[in-house]
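Structure, as structure tokens:
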Amino acid sequence: MHKKFNHAEIEQKWQEAWRDSDLYTTDDSSNKEKVYVLDMFPYPSGEGLHVGHPKGYIATDVYSRFKKMSGYEVLHPMGWDAFGLPAENFAIKNKIHPRDAVEKNIANFKAQLAHLGFNYDWTREINTTDPAYYKWTQWIFLKLLEKGLAYESHEPINWCPSCQTGLANEDLESDGTCERCGSAVEKKPMRQWVLKITDYADRMLADLDTLTQWPEHIKEAQRNWIGRSEGAEITFKLSTGEEVKVFTTRPDTLFGATYLVLAPEHELITELKDTIQNWDEVVRYIVLSKEKSEQDRLNATKEKTGVKLEGITATNPANGEEIPVFIADYVLAGYGTGAIMAVPAHDERDHEFAEKFNLSIKTVVDEAGTLVESSEFNGMNSEEAKAAITAKVGGKMTSTYRLNDWVFSRQRYWGEPIPVIHCEKCGVVPVPEDQLPVTLPDVEHYEPTGTGESPLANIDAWVNVECPKCGGAGKRETNTMPQWAGSSWYYLRFIDPKNDAALIDPEKEKKWAPVDVYVGGDHAVRHLIYARFWHKFLYDLGVVHTIEPFQRLEFLGFILAEDGKKMSKRWGNVINPDDIVKRNGADALRVYEMFMGPFENTIAWSSDGIVGAQRFLERVNGLGGHIVDSDSEEVTRTLHKTIKKVRDDIEAFKFNTAISSMMIFLNVAEKEGVTETTYKIFLTLLAPFAPHLTEELWHEAGESELIHRQSFPEYDAALAKDDVVTIGVQINGKSRGDITIAPDATEEEALAAVRESKSLVERLEKEEIKKIIYKPGKILNLIL
RNA sequence: GCGCGGGUGGCGUAAUUGGUAGCCGCGCCAGUCUUAGGAACUGGUGGAGUAAUCCGUGGAGGUUCAAGUCCUCUCCCGCGCACCA
């Protein structure tokens with residue numbers, strides 16, 4: 001029976017009761033086994049949540065309630081990743097301090113989350129923009145600096161002319177535009193701080209194999225991003241005496257290298273100015289390729305262009321042949337050594353270039369993979385030849401990465417100040433640890449200066465300080481950290497959020513780390529790469545005891561708008577969870593989002609679908625009207641099957657089938673009636689999904705303790721077993737009917753059952769049974 | 001181009017991991033009822049056919065008593081990387 005209920009009333013009532021009972025405060029001193037369940041913490045945008053956002057939060061809420069009921073001490077916190085450009089741009093536009101905007105947005109987010117009944121331990125709330133928090137973000141930076149992993153560089157970096165800040169490669173769209181504003185990004189040489197993430201590339205790659213509870217596609221995306229290539233570094237001598245190092249994955253083809261190509265940005269080129277006979281032409285080409293934005297370069301028809309360096313040749317170290325040298329923009333400065341040996345016979349790009357410039361093409365590996373035209377290496381297999389040829393020419397086997405070091409400074413206001421002082425005498429001087437945090441001062445204008453300096457540069461009183469080393473005149477670093485800094489270690493701070501003496505207490509770290517289940521979408525590459533990098537660094541410092549921060553990763557699929565598009569203000573298709581909570585109830589929203597489909601699937605919202613969840617809950621609400629004195633066998637069996645299914649499915653994040661099995665139980669329960677005991681077991685089963693309604697019904701049924709403090713139901717395998725099963729009967733492999741027998745019935749019993757079935761007997765009359773295949777409980781196949 | 005996922009009713013999906021394909025929900029159809037409600041109840045709902053029956057998990061082959069599930073080829077969709085040497 002459907003029985004409507006006033007969801008708003010019971011939601012409020014129980015949310016207050018839970019809060020007052022400290023139900024969700026994590027006990028550090030507990031002896032129970034720990035589970036750390038974490039959501040990717042949100043950026044508190046001004047737009048608030050839409051119904052897609054809470055999907056992951058609902059899942060972790062279900063999971064952590066389930067774990068608590070199963071006897072674990074659960075750490076399930078929430079916080080805010082609140083530095084970054086959107087808050088700053090919003091502040092500029094509306095003339096308010098980003099801090100005030102963030103504060104307002106957080107209040108709004110918190111209220112929205114509260115309406116859904118989440119069990120976060122708010123006593124551990126953190127905010128990356130809080131000086132007490134970013135003190136430790138700065139501390140990590142100082143340690144990186146101390147270990148030589150943070151350095152100043154003047155290399156050209158990605159510069160967004162509209163945001164007026166430098167950007168990391170990770171901040172660009174695939175077409176080379178700024179991910180924030182879509183502007184074409186330029187290359188601009190400027191001073192910046194860079195983190196040596198490449199030092200950790202091998203470990204980040206290798207340790208992916210230890211992450212057995214991560215989705216394969218995420219690990220694959222990380223492998224692609226790190227982009228390790230194995231090959232050799234080989235040195236070519238130029239006719240001028242200089243040397244050029246090239247990286248190649250095919251040193252076995254060295255005998256086929258018929259020319260050399262340098263990237264237009266290659267540093268050697270200016271040094272060769274006096275020798276290059278066509279210098280004007282070369283300069284023109286360099287200027288032209290610089291003017292091509294990253295975007296043009298990527299979108300170009302890929303027709304090869306380049307200029308030969310007249311007056312310069314190189315020597316192929318394998319055969320002593322003199323070969324021409326080119327500059328061409330199909331060779332990238334930022335990869336390998338910025339120079340290549342071109343083997344047109346065995347590389348498509350080199351081949352295209354060689355055809356265009358009429359260069360010789362020399363095949364050195366035949367179709368069988370055996371070397372030819374390679375003097376003493378002829379006949380050798382190409383794999384073996386790689387090391388052999390490299391050794392002969394004095395090169396070394398090495399690897400190179402697509403991943404570049406992390407450009408870590410931003411010329412913007414709303415970020416963590418980089419805790420460094422520049423002194424004329426002493427150079428770069430770290431701010432002494434006891435002077436942390438270096439707090440972000442208030443400024444008149446948050447607008448970027450456009451000069452490559454952050455707005456902080458204008459605050460003389462803040463910028464001019466004594467050098468901590470010599471006491472002379474020093475100037476603070478005015479660049480700030482990128483948005484990803486605070487989120488690269490926040491999961492640790494929840495363990496010990498108020499510690500002012502250390503980033504984290506070692507005892508607490510040992511107790512709670514690592515994160516057992518990490519849930520989120522998006523950020524497949526960046527956040528996870530950065531956090532893994534910092535975590536490994538902290539491991540080397542002895543701050544953490546595990547090599548990886550996140551044991552298990554559950555990646556969620558988004559919820560699209562009803563029209564199948566992404567939910568966005570722009571399309572006017574945003575559905576606000578507040579409206580759904582008001583109309584259908586928080587529990588209905590929770591059940592529906594978990595029931596929609598597999599957790600990792602991207603699925604469109606359906607306003608009809610949520611009515612289904614609501615109906616289910618109304619029927620649960622009516623189940624109290626079906627109480628009987630004893631459970632039928634079917635009810636008992638279904639109950640125990642359902643308990644097993646729900647337990648297994650929550651553990652595996654298969655929430656959709658868990659709910660489906662509870663619907664099946666309800667269908668049986670309504671028909672047959674259930675005992676009071678069974679009714680209550682069912683309520684506790686459903687409690688993690690529909691916490692408010694089940695709490696209400698639990699108390700209506702006469703209980704006085706909270707349902708969320710009950711033990712999660714256990715099942716009895718014997719009771720879950722069917723005493724009869726219906727199995728299919730096939731004749732010559734085709735389904736022809738079924739028989740109902742005991743699951744462990746003998747073949748004779750099964751055949752006896754067949755003889756009782758009229759339709760089956762008719763089919764068997766004409767021919768004789770040649771072979772019988774009988775799998776108890778599964779199938780009976782008769783071959784005639 | 002390289003790599004990783006995935007193609008099942010009108011829709012979201014399920015399938016004990018090789019054993020009667022389509023559970024659960026949405027939608028739809030028919031009937032009942034009336035506090036005309038984002039109602040509820042009963043029955044039905046993969047396709048074709050009056051039916052027996054036949055067909056059916058992107059397509060084509062194969063293995064097997066038995067294939068959505070395993071193998072080979074192929075097409076399509078999504079995601080990551082991509083002038084990366």
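Chain A is the first sequence line, chain B the second, and so forth, proteins listed ahead of strands; every chain is numbered from 1. This one's a predicted model, so the numbers in the text were calculated from it and none came from an experiment.
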Practice problem: Can you tell me, in whole Å, how much space there is between the P of B:G5 and that of B:C71? | Solution: 13 Å
Self-check item: Listed partners of A:Thr740 passing side-chain hydrogen bond (donor to acceptor under 3.5 Å, both in side chains), at least two apart
Solution: A:Thr726
Quiz item: Who pairs with A:Asp405 by salt bridge (charged side-chain N to carboxylate O under 4.0 Å, His left out), at least two apart in sequence or on another chain?
Solution: none
Exercise. Using the C1' atom as the reference point in each nucleotide, state the distance between B:G46 and B:A14 in Å, no decimals.
Key: 15 Å
Quiz item: What residue pairs, at least two apart or across chains, pass side chain to side chain donor-acceptor pair (under 3.5 Å) with a residue in residues 582-592 of chain A?
Solution: A:Asp61-A:Arg590, A:Asn584-A:Gln614, A:Asp587-A:His692
What N/O pairs connect the protein and nucleotides 1-5 of chain B at under 3.5 Å? Give each pair on its own line.
{"from": "B:G3", "atom 1": "O2'", "to": "A:Glu220", "atom 2": "OE2", "distance (Å)": "2.5"}

Self-check item: Those residues that, when tested against A:Lys641, pass salt bridge (charged side-chain N to carboxylate O under 4.0 Å, His left out) (two or more places apart)
Solution: A:Asp722
Quiz prompt | Pairs meeting criterion salt bridge (Lys or Arg N to Asp or Glu O under 4.0 Å) with involvement of residues 337-350 of chain A, two or more places apart | solution = A:Asp347-A:Arg349
Quiz item: Counting just side-chain N and O atoms, does A:Tyr335 come under 4.0 Å of either OP1 or OP2 of B:A85?
Solution: yes
Self-check item: Spacing of A:Ile772 atom CD1 relative to B:C65 atom C1', expressed in whole Å
Solution: 12 Å
Quiz item: Which letter, B, S or -, goes with each nucleotide of nucleotides 24-30 of chain B from 5' to 3', with contact meaning a protein heavy atom under 4.0 Å?
Solution: BSSS---
Quiz prompt | Residue pairs involving residues 774-784 of chain A (criterion side chain to side chain donor-acceptor pair (under 3.5 Å); sequence neighbours excluded) | solution = A:Gln730-A:Asn781
Practice problem: With P as the reference atom in both, quote the distance from B:A51 to B:U45 in angstrom, rounded to an integer. | Solution: 13 Å
Practice problem: Rounded to the nearest angstrom, tell me the gap between atom CZ in A:Phe558 and atom P in B:G12. | Solution: 19 Å
Practice problem: Between B:G27 and B:C11, how far apart are the C1' atoms? Round to whole Å, please. | Solution: 7 Å
Quiz item: In the structure shown, which nucleotide is the Watson-Crick or G-U wobble counterpart of B:G9, with both distances under 3.5 Å?
Solution: none
Exercise. Nearest-nucleotide wise, let me know which of A:Gly338 and A:Gly597 is further upstream toward the 5' end of RNA chain B.
Key: A:Gly597
Quiz item: For residues A:Ser229 and A:Tyr401, is any side-chain donor paired with an opposing acceptor at under 3.5 Å?
Solution: no
Quiz item: Of the nucleotides B:G38, B:C84, B:C65, which one has an atom closest to the side chain of A:Ser229?
Solution: B:C84
Self-check item: Between B:C11 (P) and A:Ile603 (CD1): distance, integer Å
Solution: 14 Å
Self-check item: B:G78 OP1/OP2 closer than 4.0 Å to side-chain N/O of A:Thr602
Solution: no
Quiz item: Distance between the P atoms of B:U57 and B:G10, in whole angstroms?
Solution: 13 Å
Quiz prompt | B/S/- contact track for nucleotides 16-21 of chain B, protein heavy atom under 4.0 Å | solution = ---BBS
Exercise. Report the residues that fulfil salt bridge (charged side-chain N to carboxylate O under 4.0 Å, His left out) with A:Asp608, sequence neighbours left out, ordered by chain and then residue number.
Key: none
Quiz item: A:Glu747: what forms a salt bridge (charged side-chain N to carboxylate O under 4.0 Å, His left out) with it, not counting sequence neighbours?
Solution: none
Quiz item: Taking only residues at least two apart or on different chains, which pairs with a member in residues 658-668 of chain A satisfy salt bridge (Lys or Arg N to Asp or Glu O under 4.0 Å)?
Solution: none
Quiz prompt | Pairwise P distance for B:U64 and B:G49, with rounding to whole Å | solution = 37 Å
